[in-house]
Amino acid sequence: MAAADELAFHEFEEATNLLAETPDAPTTSRSDQVTPQGHVAVAMGSGGSYGAEEMEEEGDKTALLQEEKPQPGFWTFGYYQSFFDVDTSQVLDRIRGSLLPRPGHNFVRHYLRNRPDLYGPFWICATLAFVLAVTGNLTLVLAQRRDPSVRYSPQFHKVTVAGITIYCYAWLVPLALWGFLRWRKGVRERVGPYTLLETVCVYGYSLFVFIPTVVLWLTPVPWLQWLFGAVALGLSAAGLVFTLWPVVREDSRLVAVALLSAVVLLHALLAVGCKLYFFQPLPSERVAPAPPALSPASPTLPGSLAT
């Protein structure tokens, strides 16, 4: 017993001396010796790999949920939300592109960039319809100032007429054009039309140039009015032709020329129709002259009975 106690005391004393000489030396306990370091490393490594695999699985699940997420129906608000996802700079850039058409500068490829919108076309059509109705009434007011015999009464029905005309043109004509190009794609495989949304977007932005033109039509000079209308029509129609030409040039020459001519003709009919309907004054309502009264000094007819 004594030898064992001395041996144990001697070992403790030796360890104490060693710690005093090197206080920064690392020490291990019996529990650390029992658990191998390799096992601990493996456990930590397995835990890390398990965490990475778990994160990858969660990422795959998220991607699958996004892919399997059903698309909203066309009767819901979320379906149309993406069509209005544009900012002010994009809308202004597209308006500038419609005002300055250039040959070889495709409006769809350079300005839409596969992201057509309905925000710009919707408000352009609404603004054009409102400005048409207002300036049409202002034309009658100015005509009454120049000629007091003209009787003016507010014509609110022009707002309805302008709205129906502009929106029908901005939707039905692109729809017919898109359908025709889809049919020609079946006839000639090299003809690749734009999407319906891109076609509507192009037509909507092409109408912007008529908004300042309608305001300039208040000028009481007929030849200036027609000159402003011709310039606006030329810019708007040129933008449509430059945009549609890359699509129709692969078709036969006869079809391409006929299609572009129809596009320009419909555009001209819209401009001329708006000019003639909204900027013609009402017919003058003049008071009928009173019948001439008999003069008191007029001679009495012979053979008349005297009273």
Side-chain angles (χ1 to χ4, degrees), residues 72 74-102 105-135 159-182 193-215 229 232-247 259-260 262-271 273-274 278:
F74 69 92
W75 60 87
T76 61
F77 179 77
Y79 179 80
Y80 300 96
Q81 187 175 3
S82 60
F83 301 153
F84 295 84
D85 188 15
V86 289
D87 54 16
T88 305
S89 61
Q90 291 176 336
V91 174
L92 293 178
D93 185 51
R94 294 172 181 184
I95 289 176
R96 285 192 295 267
S98 66
L99 291 176
L100 300 173
R102 288 178 291 172
H105 208 70
N106 194 330
F107 183 82
V108 175
R109 302 302 178 218
H110 289 83
Y111 295 99
L112 298 187
R113 297 184 180 91
N114 297 325
R115 291 191 60 186
D117 69 285
L118 292 179
Y119 180 85
F122 175 81
W123 285 112
I124 288 173
C125 293
T127 306
L128 179 58
F130 179 76
V131 172
L132 265 176
V134 171
T135 51
V159 179
T160 305
V161 173
I164 293 176
T165 303
I166 298 301
Y167 276 102
C168 286
Y169 178 83
W171 278 94
L172 296 181
V173 174
L175 178 62
L177 177 62
W178 174 77
F180 178 80
L181 291 177
R182 292 284 297 180
Y194 300 125
T195 64
L196 176 60
L197 188 59
E198 289 175 341
T199 310
V200 172
C201 189
V202 169
Y203 263 83
Y205 280 102
S206 69
L207 296 177
F208 180 83
V209 68
F210 290 106
I211 296 177
T213 303
V214 168
V215 178
L233 176 62
L235 292 175
S236 184
L240 291 176
V241 171
F242 294 156
T243 302
L244 295 175
W245 173 247
V247 176
L259 180 62
L260 295 179
V263 169
V264 175
L265 179 61
L266 291 175
H267 226 55
L269 288 177
L270 176 69
C274 291
F278 292 97

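What you see is a predicted model, and the numbers here were worked out from it, not measured in a lab.
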Can you tell if the side chain of [X] reaches within under 4.5 Å of the side chain of [Y], non-hydrogen atoms only?
{"X": "Leu270", "Y": "Val173", "value": "no"}
{"X": "Val247", "Y": "Leu181", "value": "yes"}
{"X": "Thr243", "Y": "Tyr111", "value": "no"}
{"X": "Leu175", "Y": "Leu196", "value": "yes"}
{"X": "Val91", "Y": "Tyr205", "value": "yes"}
{"X": "Pro174", "Y": "Val202", "value": "no"}
{"X": "Arg94", "Y": "Phe107", "value": "yes"}
{"X": "Val161", "Y": "Phe278", "value": "yes"}

When rounded to the nearest 0.5 angstrom, what is the spacing between [atom1] in [X] and [atom2] in [Y]?
{"X": "Leu172", "Y": "Leu266", "atom1": "CG", "atom2": "CG", "value": "11.5 Å"}
{"X": "Leu240", "Y": "Thr199", "atom1": "CG", "atom2": "OG1", "value": "10.5 Å"}
{"X": "Leu197", "Y": "Leu118", "atom1": "CG", "atom2": "CG", "value": "5.0 Å"}
{"X": "Thr127", "Y": "Leu207", "atom1": "OG1", "atom2": "CG", "value": "11.5 Å"}
{"X": "Phe208", "Y": "Ile124", "atom1": "CZ", "atom2": "CD1", "value": "6.5 Å"}

- Message: Restricting to side-chain contact (heavy atoms from CB on, under 4.5 Å), what partner residues turn up for Trp245, sequence neighbours left out?
- Response: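 With neighbours one apart ignored, the set is Val248, Arg249, Ala256, Leu260.
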- Query: Which residues satisfy the side-chain contact (heavy atoms from CB on, under 4.5 Å) test with Thr213, sequence neighbours excluded?
  - Reply: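 Thr213 satisfies side-chain contact (heavy atoms from CB on, under 4.5 Å) with Trp217, Phe228, Ala232 only.
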- Item | ring-ring contact (aromatic ring centres under 6.0 Å, His included) partners of Phe180, counting only residues at least two apart | Trp183
- For His110, ring-ring contact (aromatic ring centres under 6.0 Å, His included) partners two or more places apart: His105
Tell me the closest heavy-atom pair linking [X] and [Y], and the distance in Å.
{"X": "Ile95", "Y": "Ser98", "result": "O-OG, 2.7 Å"}
{"X": "Tyr203", "Y": "Ala170", "result": "CB-O, 4.5 Å"}
{"X": "Cys201", "Y": "Asp117", "result": "SG-O, 3.4 Å"}
{"X": "Leu132", "Y": "Val214", "result": "CD2-CG2, 3.8 Å"}

- Query: Would a distance-only check, ignoring hydrogens and angles, find a side-chain to backbone donor-acceptor pair under 3.5 Å from Arg115 to Val86?
  - Reply: no
- Query: Where do Leu244 and Val263 land on the side-chain contact (heavy atoms from CB on, under 4.5 Å) test, with the steps shown first?
  - Reply: CA-CA 10 Å; Leu244 295 175; Val263 169; 4.0 Å; yes
- Message: Suppose the criterion is side chain to side chain donor-acceptor pair (under 3.5 Å): which pairs have a residue in residues 162-173, not counting sequence neighbours?
- Response: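 Every pair satisfying side chain to side chain donor-acceptor pair (under 3.5 Å) with a residue in residues 162-173: Tyr169-His267.
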- Across all chains, not counting sequence neighbours, the side-chain hydrogen bond (donor to acceptor under 3.5 Å, both in side chains) partners of Ser89 are Asp87
